[in-house]
Each structure stands twice: as structure tokens, then as C-alpha cells.
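In what follows, chains carry the letters A, B, and so on, assigned in the order in which the sequence lines appear, proteins first and then strands, with residues in each chain numbered from 1.
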Amino acid sequence: MTHRRTTQVTPASEGPGHTTRTSSPRDSADPSSLSAPRAVPSAAPGLPQVSEGRSAEVQRLVIDWFSRNARPLPWRDRDASAWSILVCEVMSQQTPVARVLPRWREWMRRWPTPADLAAAPASDVLIAWDSLGYPRRALRLQETAAAIADRHGNEVPHDEDRLLALPGVGAYTAAAVTSFAYGRRAVVLDVNVRRVLGRVFAAVEHRPASLTAAEKRWARALVPAQDHVEWNAGTMELGALVCTARNPDCARCPLLDACAWVAAGKPSDPTVVRRAQAWAGTDRQLRGAIMRTLRTAHAEDAAAVPTHLLTAATAALTADDAEALAAYPSPLRTAIGAVRDLDADGARTARLVDDLVRDGLAARDDRGIRLP
DNA sequence: AACGCGGGGGT
DNA sequence: ACCCCAGCGTT
């Protein structure tokens, strides 16, 4: 069903002018949303008070900039369904937009409503997820689809609390759907928004990794009562395109003259020792390899790699027995062989596959591959 | 608050 | 090599 969507301002081709683009049809009543922010946020460590005048000026600049610089992303189309927006938000969790685009198109073509996704074999879902990463998101999204189909009449909930109750939907995603799909006021706080607000108002290059309740309150008070959708989308877009984590393009920033971080001389954060990112040789890499190989083998020949053979793979991997392995169909053999190359003694592979099985890999039977 | 969780592109 | 990305769930 087609939900009314808010107007995402499209790149308006001309003139720097029209700041105010009023929102289009939204949910009529807005009873549960936050009360309009009057007062400036309560002070918290590193989060300065912001005068109403300055807040309003920054809001105006961001919204105006967004009206002229928004990327024409398909989920910003007026006729994009709430479901399509939820899918895009989940796919975008920790994954750059450019990588999401092709998978999102394919998903929406195949599964245009939650019920469609809920009815699909899990193996199809994982294969369509492809290499977006964090494949558990795909499984949670399918669980969410089933919940929406079964308990919400196949319509994405309008209520932020009900959105939050869905698997794989956290504070960010619930707020994003509330704002972008339904045009209701919400505090959309992703890594981009946090960075932009932190620089402009708090004069720090990067916010701390963890998001505190105090920062949420602070950010909430900065969301305007009007044009909040454009503010949410605009701060995100500004963070993605201009106020980037590294090498921000301050020369093109509409907030150049309003930015506390720039005014302070763009100080760098005190260097924090970051743990070297381990990847090669880790369980994580190995598990990713198992995923990829099984996915590929199943996609190439689903009959050869049904779920019960995945269970058999466990035995073969554990036994480290070439003869036993030879008993399995070729695509599966290839998959196991490829994984083995990463784990010469086989112990870790065996344990990981065993974990996969225990967590339900084998239990799903005809639903296809079930991985963590 | 701190972890663990994929994978690819940019610098 | 390392950093970063429209985060979430668990401990």
C-alpha cells in the first residue's frame, strides 16, 4: 500500500532561494511526537547550550542547502513506500549508500511488500543480500517482514515504539522511518548527524563513539518544529557529502561561517590509540568465507546444497576426511575446500560450522540456509 | 560502556 | 595498511 510520504526536497535545479518548502501530506495527527523544542538543551559535558537564534540560523542554512544539493536517491521519491524505506534503512546500517542501491532495487522488485519477503525462502533472502555485510541483518529483516505481515496488517507501523520493537530496528532506524516515511517529527541521529552537530555547535572533530542519552536530548532540542524532515535528511546529507569524517570539504559547506569547529581552527581530537583492526585470520573472516562459499554453491545449484547437506558439511569438516568429503556433491565440496584453505588444521572451521548448526542452520530445513 | 558483527572503497 | 560506512543486540 502506498503511504503518503513526506516531501523530500529534490535537487531544485535553481536559485538559492526557497528556503521553506513546507511538508507535504503527512500523518495528520501527531500526538505522540515530541513536543516542540522551545528551550535550549540542558547543558552536558561537551555539549554546549545553543541559542535559539543560532539554532534557527543553522537550520535555515542546512535546509536551504539540502533543497539544492540532495542526491536523487530512489527511496526519496514521493511514491516510495514505507516498506521500501525501512528496507533501505536496514541495508544502510554500516553500509555505504552506493553499495546499497543495486541490492535495494532488486529487493523491492522481488519483494515489494513485507508479506512478499516473509514468504520467501531464507536462502533466497541471503543470496539477494549478497555481500552487503552483516548478513544477520537480512534474517532480522525477514523476521521483521513476517511480524509486519502477521501483526500489523502488512503495513509498516507508524508508531516509533512499535518500530523499535521490530528485530533489527534500533533507535536510528525507527526514527528514520518515522521521519522519512511518515513525515512525523523524530530525532534522526546517525553518524553523519552526530558529526555535523558536534562540529558546528561543539567544535569537536569527532563525537565519542558511544551515544549518550544526554546527546540525544541535546540533538532533539535542535530539531526544528517545522521542516524537521528536511533538517533530518539535510544534516545527514551534509555529513555524507561535505562534512565527512576525513577531509571535510569546508570550502563548500553552507555552515562555514557558522561552524564552531572551523572558528576554533579545526582542532584535531587528541589521538586515541585505536586497536588495530584485525581481519586476516580471524574467525570473522573465516565465517564470512563460509557464508560466501555456501551462498555461492547454493545459488549455483540449490538442489545440491539444501539445508540438510549443510548439516552434512559439519560432519565432513569435523572429520577432516577427504574420502567422506568426496561423498558430497561437487558444489558443496568446492565450498568446503575453499573454506578449508583458510583453516589448515580444520579445528576452527569445525567449531564455527558447529556453531552455525547449533544456532539453527540445520533447523530451518526447507527454508534454506540459516546463518547467524 | 564496550564488544562483535562483513565487506568494499577511499586515502 | 588503515579508516570509514544512513547501527543493532548483547553483556
Among C/dC5, C/dC8, B/dG7, the one nearest A/Thr173 by side-chain distance | C/dC8
Verify the distance criterion only: is there a donor paired with an acceptor across the side chains of A/Glu230 and A/Ser67 at less than 3.5 Å?
-> no
Under a 3.5 Å limit on both distances, the Watson-Crick or wobble mate of B/dG6 is none
Have a look at A/Arg194 and say if it touches a base, only the backbone sugar-phosphate, or nothing, with a 4.0 Å heavy-atom cut-off.
-> nothing
Give A/Ala240 one of three labels, base, sugar-phosphate or nothing, depending on what nucleic acid heavy atoms sit under 4.0 Å from its own.
-> nothing
Should the heavy atoms of other residues, nucleotides or ligands under 6.0 Å from CZ of A/Arg110 be counted, would the total exceed 12?
-> yes
Can you tell me if the side-chain N/O atoms of A/Gln94 get under 4.0 Å from OP1 or OP2 in C/dG7?
-> yes
Pick base, sugar-phosphate or nothing for A/Leu73, based on heavy-atom distances below 4.0 Å to the nucleic acid.
-> base
Tell me: CZ of A/Arg246 to P of C/dC4, nearest whole Å?
-> 5 Å
Electrostatic pair A/Glu57-A/Arg60, nearest N-O below 4.0 angstrom | yes
Do A/Thr95 side-chain and B/dG8 base share a donor-acceptor contact under 3.5 Å?
-> no
Comparing nearest nucleotides in DNA chain C, the 5'-proximal residue of the pair A/Arg140, A/Asn192 is A/Asn192
Tell me what A/Gly170 touches on the nucleic acid: a base, only sugar-phosphate, or nothing, going by heavy atoms under 4.0 Å.
-> sugar-phosphate
Using atom CG of A/Leu163 as one end and atom P of C/dG7 as the other, report the distance to the nearest whole Å.
-> 17 Å
Which part of the nucleic acid does A/Val169 contact within heavy-atom distance under 4.0 Å: base, sugar-phosphate only, or nothing?
-> sugar-phosphate
If you look at every strand shown and take non-hydrogen atoms under 4.0 Å, does A/Ala176 touch a base, only sugar-phosphate, or nothing?
-> nothing
Taking CG from A/Asp269 and P from C/dC4, how many angstroms apart are they, rounded to a whole number?
-> 10 Å
Check every strand shown and say whether A/Val193 touches a base, only sugar-phosphate, or nothing at a heavy-atom separation below 4.0 Å.
-> nothing
Between A/Asp130 (CG) and B/dG7 (P), how many Å, whole number?
-> 10 Å
With sugar-phosphate meaning primed atoms plus P, OP1 and OP2, does A/Thr244 contact a base, only sugar-phosphate, or nothing at under 4.0 Å between heavy atoms?
-> nothing
Charged N to carboxylate O below 4.0 Å: is that the case for A/Arg103 and A/Glu106?
-> no
Taking the nucleotide of DNA chain B with the closest heavy atom to each, which residue, A/Gln93 or A/Leu211, is nearer the 5' end?
-> A/Leu211
